[in-house]
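What follows is a short report on a single structure.
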2 protein chains.
Amino acid sequence: MTHRSPARGRPAAFRRTRADHQTEIAEDYVELIAELMEERGEARGTDIAQRLGVSNATVVKTLKRLQDEQLIRQEPYRAVFLTDAGQKLAADGRRKHAIVEAFLMALGVKPDVARIDAEGIEHHVSADTLDAMERYLRHQSTNKSD
Amino acid sequence: MTHRSPARGRPAAFRRTRADHQTEIAEDYVELIAELMEERGEARGTDIAQRLGVSNATVVKTLKRLQDEQLIRQEPYRAVFLTDAGQKLAADGRRKHAIVEAFLMALGVKPDVARIDAEGIEHHVSADTLDAMERYLRHQSTNKSD
DNA sequence: AACAATGTTTAGCCAAAGCTAAATAGTGCC
DNA sequence: GGCACTATTTAGCTTTGGCTAAACATTGTT
Ligand SMILES: [Mn+2]
Ligand SMILES: [Mn+2]
Ligand SMILES: [Mn+2]
Ligand SMILES: [Mn+2]
């Protein structure tokens, strides 16, 4: 007799969301760093701050935490580098991000809006949901005849 | 010549996500309060704490903030009530939540997982994306012949 | 080589969300 | 009606992510 009250399993959902939010910033940072390194060869704290729309000081502090967590390496007044763990997280993040964004556009959401929504949604998408989105993308591109 | 660099518009996306996170807790609380009032006639702080998977003390503090923001009314040792603004927010939240969850299931995500993912995703979904999801739900239920 | 301009970090502040332990208030039973 | 039990709030601490203003380094120019 499963599914008795509507409350069952609810705490787990909220817990997962809170957990997602704790890794969210790390994900966005390493993703951004990977992008910057591709685009311009190096990632400086200032560039990160600008892209995030956040002050320099905030970035400095967060980078310190990410270094403690072994996701990046940095020395004062120098650019930032990703550790292996950081690169892995960045790669996963970029993949997820790309899928979510492409999916939203395929659904019919305008690109500008899709870009914005994807930035938040990406962190709450399970492997299952990501699979479903990929399935939809494949299926949809198969029969272009709507 | 729009869309020059890949960075354009990025800060806006991050800002939106941060803004979403600031209203997220308020949304979840009022939604939960509305649910509890329907299910059992009243919403007590303790019930909220249990459903959120969070301590009583945390709920007390957050409810205080929500009262300052005129979303709820409460007196010590009594149940919590929604103001008009609170009811409106709750209604919007429930609608969004229901659409996102139904959409994920329609996409082929298992109910348990859909419930969990929806709890985080709901707060990052724009009106446009919500429309697209509804469109998909209607369309999909139209031709059940897969 | 010195200095001014620019870029980066540090210092110090705030608010939100979480926690545990202690104090206090209600409720229910005898 | 008083007392014990239970529920609720308060107190006090932590972490995270923001901010601005001040201090400090680096760099480029003369
Ligand atoms: Mn991303
Ligand atoms: Mn993001
Ligand atoms: Mn939620
Ligand atoms: Mn979120």
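Worth saying up front: this structure is predicted, and the values here are computed from it rather than measured. Below, all heavy atoms of this structure are taken into account, side chains as well, without hydrogens, waters or symmetry copies. Proteins get letters first, then strands, A, B, ... in listed order; numbering begins at 1 in each.
- The residues B:R51 and B:E31 are annotated as not salt-bridged, no charged nitrogen and carboxylate oxygen being separated by less than 4.0 angstrom.
- The nearest whole Å value for the distance from the CG atom in B:D68 to the C1' atom in C:dA16 is 13 Å.
- Rounded to whole Å, atom C1' of C:dT9 lies 14 Å from atom CZ of A:R44.
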Could you give me the CA-CA distance, side-chain angles and deciding distance for B:E27 and B:E24, then say whether side-chain contact (heavy atoms from CB on, under 4.5 Å) is met? CA-CA 5 Å; B:E27 275 176 29; B:E24 169 158 354; 5.8 Å; no
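- In this structure, B:K64 atom NZ and D:dT8 atom C1' are separated by 11 Å, rounded to whole Å.
- No side-chain donor-acceptor contact under 3.5 Å links B:T129 to the backbone of B:V125.
- Taking atom CD of residue B:Q67 and atom P of nucleotide D:dT9, one finds them 11 Å apart after rounding to whole Å.
- The nearest whole Å value for the distance from the CD1 atom in A:I48 to the P atom in C:dG7 is 16 Å.
- A:D84 and A:K88 are not joined by a salt bridge, as no carboxylate oxygen comes within less than 4.0 angstrom of a charged side-chain nitrogen.
- Checked for salt-bridge contact, B:E42 and B:R78 miss the test: no charged N lies under 4.0 Å from a carboxylate O.
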Produce a footprint string for nucleotides 15-27 of chain D: one letter per nucleotide, 5' end first; B if the base is under 4.0 Å from any protein heavy atom, S if only the sugar-phosphate is, - if neither. --BBBB---BSS-
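- One finds no salt bridge joining B:D92 and B:K96 here, because no Lys/Arg side-chain nitrogen approaches an Asp/Glu carboxylate oxygen to under 4.0 Å.
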